[in-house]
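Have a look at the structure below before the remarks.
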Amino acid sequence: MTEASLAADNSPSPSAPTPAPASAKEEAVDTVRFLALLAIAVLLFRSFFLSPFNIPSESMQPRLLIGDYLLVNKMAYGYTKHSLPFSLPLIPGRIFPRTPERGDVVVFKAPPAADNDYIKRVIGLPGDSVELRDGIVWLNGKPLPREPMPDFVIPVTPNMIEAARASGTLPCYAMEFEEVGPDGQRQCRYRQFRETLPNGKSYAILDIVPIAEDNVPLIIVPEGHLFLMGDNRDRSADSRFPAMENQGIGLVPEENLVGHALVSMFSTDGSASWINPISWFTAARWNRIGDGF
């Protein structure tokens, strides 16, 4: 072998071309593409699987308090345009429909405008007769059993005060229901009962004072509609009231259903301050997290 051939054999082989570094423009495009895909994935998940919902009022006390945050099962009753953000009319009618069971706690678009999300309990299904006599619910001609429970006592929290100020009411139903607790803090005390439906589902309700809507004439729930009530019978604009914006919801079409309340994922008393990180933890009501329905 010649020296020339040895030199040729030992010469370095040509290396693969080095890829050119991505330009700032290409990186920006990739980032935007990733964020867009992520937003679409979150949107689809919230539209068709699980979605958060927060409690802004006292209408579902004692089960739900102002400041509770829930996960809502969007698959439970099928899909309509109300499953989508802003009720975009992209779903015709109702897909995979299922009627709730009595006692289900449901989130829905409130009649008549169907602009706002409400949360109530299902009392009457299509074909049921519903009547109220002195606060007792009569379902299909029979009164729902009601048993006294210990009083419901709740501390007056900052978010209760804020909600009362916004609505022009008091944190407690009336001053006669407010007291000072053993810790020196303000609290509300209400009469509490356990109500039981024919399917065996039972839940706590509040019936604080006699009101006009404690007596409601017989109503036959039409096909495709539901009779819904809040557990706080004296602070709930529900199916006892005609459908008027911010006053009542009447009989709610099933196509207005958004989902089934699944589990409490967080709760706060409203005392947290952004500039005080410690308050983020002290404001949380940890014992309410994880409660199912």
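Model, not experiment: these values are computed from the prediction. Throughout, numbering of the chain's residues begins at 1 and tracks the sequence.
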Regarding Lys120 and Asp231, does a basic nitrogen lie under 4.0 Å from an acidic carboxylate oxygen?
no
Of the non-hydrogen atoms in Gly127 and Asn140, which two are nearest, and what is the gap between them?
O-OD1, 4.4 Å
Can a salt bridge be assigned to the pair Glu147 and Arg194 using a cut-off of 4.0 Å between side-chain N and carboxylate O?
no
State the OG-CG distance between Ser59 and Asp238, to the nearest 0.5 angstrom.
8.0 Å
Please assess Trp280 against Ile278 for the test side-chain contact (heavy atoms from CB on, under 4.5 Å), listing each intermediate value before the final yes or no.
CA-CA 5 Å; Trp280 305 347; Ile278 295 177; over 6 Å; no
If only side-chain N and O atoms count, and only distance matters, is there a donor-acceptor pair under 3.5 Å linking Glu254 with Thr99?
yes
Rounded distance (nearest 0.5 Å) linking atom CD1 of Ile136 with atom CG of Leu132:
8.5 Å
side-chain contact (heavy atoms from CB on, under 4.5 Å) between Ile289 and Phe266, intermediate numbers included:
CA-CA 5 Å; Ile289 298 173; Phe266 189 68; 4.0 Å; yes
Chi angles and distances behind the side-chain contact (heavy atoms from CB on, under 4.5 Å) call for Arg240, Phe227:
CA-CA 8 Å; Arg240 295 171 293 171; Phe227 189 96; 4.1 Å; yes
Could you check whether Lys109 pairs with Asp117 (Lys NZ or Arg NE/NH1/NH2 to Asp/Glu carboxylate O, under 4.0 Å)?
yes
Check: Leu251 and Pro222 side chains under 4.5 Å, non-hydrogen atoms
yes
Side chains of Tyr173 and Val209: does their closest heavy-atom pair fall under 4.5 Å?
yes
side-chain contact (heavy atoms from CB on, under 4.5 Å) between Asn256 and Thr80: does it pass, once the steps are laid out?
CA-CA 8 Å; Asn256 284 31; Thr80 69; over 6 Å; no
Please give me the minimum heavy-atom distance between Gly250 and Ser239, naming the atom from each residue.
O-OG, 2.6 Å
Flag side-chain contact, heavy atom, 4.5 Å: Pro198 against Leu139
yes
Minimum heavy-atom distance between Gly230 and Met60, given as atom pair plus value
CA-SD, 3.7 Å
Could you tell me which non-hydrogen atom of Arg235 sits nearest to which non-hydrogen atom of Cys172, and how far apart they are?
NH2-O, 3.3 Å
More than 12 heavy atoms of other residues, nucleotides or ligands under 6.0 Å from CD of Glu176: is that the case?
yes
Is it the case that more than 12 heavy atoms not belonging to Glu162 sit under 6.0 Å from its CD atom?
no
Give me the atom names and distance for the closest heavy-atom approach of Met229 to Arg233.
CE-CD, 3.4 Å
A side-chain contact here means heavy atoms from C-beta on lying under 4.5 Å apart; do Arg285 and Leu65 qualify?
yes
Does Arg121 make a cation-pi contact with Tyr203, if we ask for NZ or CZ under 6.0 Å from the ring centre and within 45° of the axis?
yes
Taking the side chain as every heavy atom from C-beta outward, state whether Pro52 and Leu70 have any atom pair closer than 4.5 Å.
no
Are Met149 and Phe193 side-chain neighbours, meaning at least one heavy-atom pair lies under 4.5 Å?
no
With the side chain counted from C-beta on, respond yes when Leu197 and Ser202 share a heavy-atom pair under 4.5 Å apart, and no when they do not.
no
Per-pair distances, 0.1 Å, donor-acceptor, side chain in residues 84-97, under 3.5 Å, sequence neighbours excluded:
unit_1	atom_1	unit_2	atom_2	d
Ser87	OG	His82	ND1	2.8
Arg94	NE	Tyr77	O	3.4
Arg94	NH2	Tyr77	O	3.0
Arg94	NH2	Arg98	O	2.9

Pair Ser264-Asp68, side-chain donor/acceptor within less than 3.5 Å
no
Testing the basics here: between Pro171 and Met160, what is the closest heavy-atom pair and its distance to 0.1 Å?
O-CE, 3.5 Å
Rounded to the nearest 0.5 Å, the CD1 atom of Ile119 sits from the OG atom of Ser57 at a distance of 9.5 Å
Euclidean distance, Leu262 CG relative to Phe293 CZ, rounded to 0.5 Å
8.5 Å
Using 4.0 Å as the upper bound for N to carboxylate O, is an ion pair formed by Arg102 and Asp128?
yes
Charged N to carboxylate O below 4.0 Å: is that the case for Arg146 and Asp207?
yes
Indicate, with yes or no, if Leu64 and Val258 share a hydrophobic cluster defined by side-chain heavy-atom contacts under 4.5 Å among Ile, Leu, Val, Met, Phe, Trp and Tyr.
yes
What I'd like to find out is whether the side chain of Asp291 reaches to under 4.5 Å of the side chain of Ser267, using heavy atoms alone.
no
Ring-face cation of Arg189 near Phe177 (centre distance under 6.0 Å, axis angle within 45°)
no
So, taking the atom named CD1 in Ile123 and the one named CG in Leu144, what distance separates them when rounded to the nearest 0.5 Å?
6.5 Å
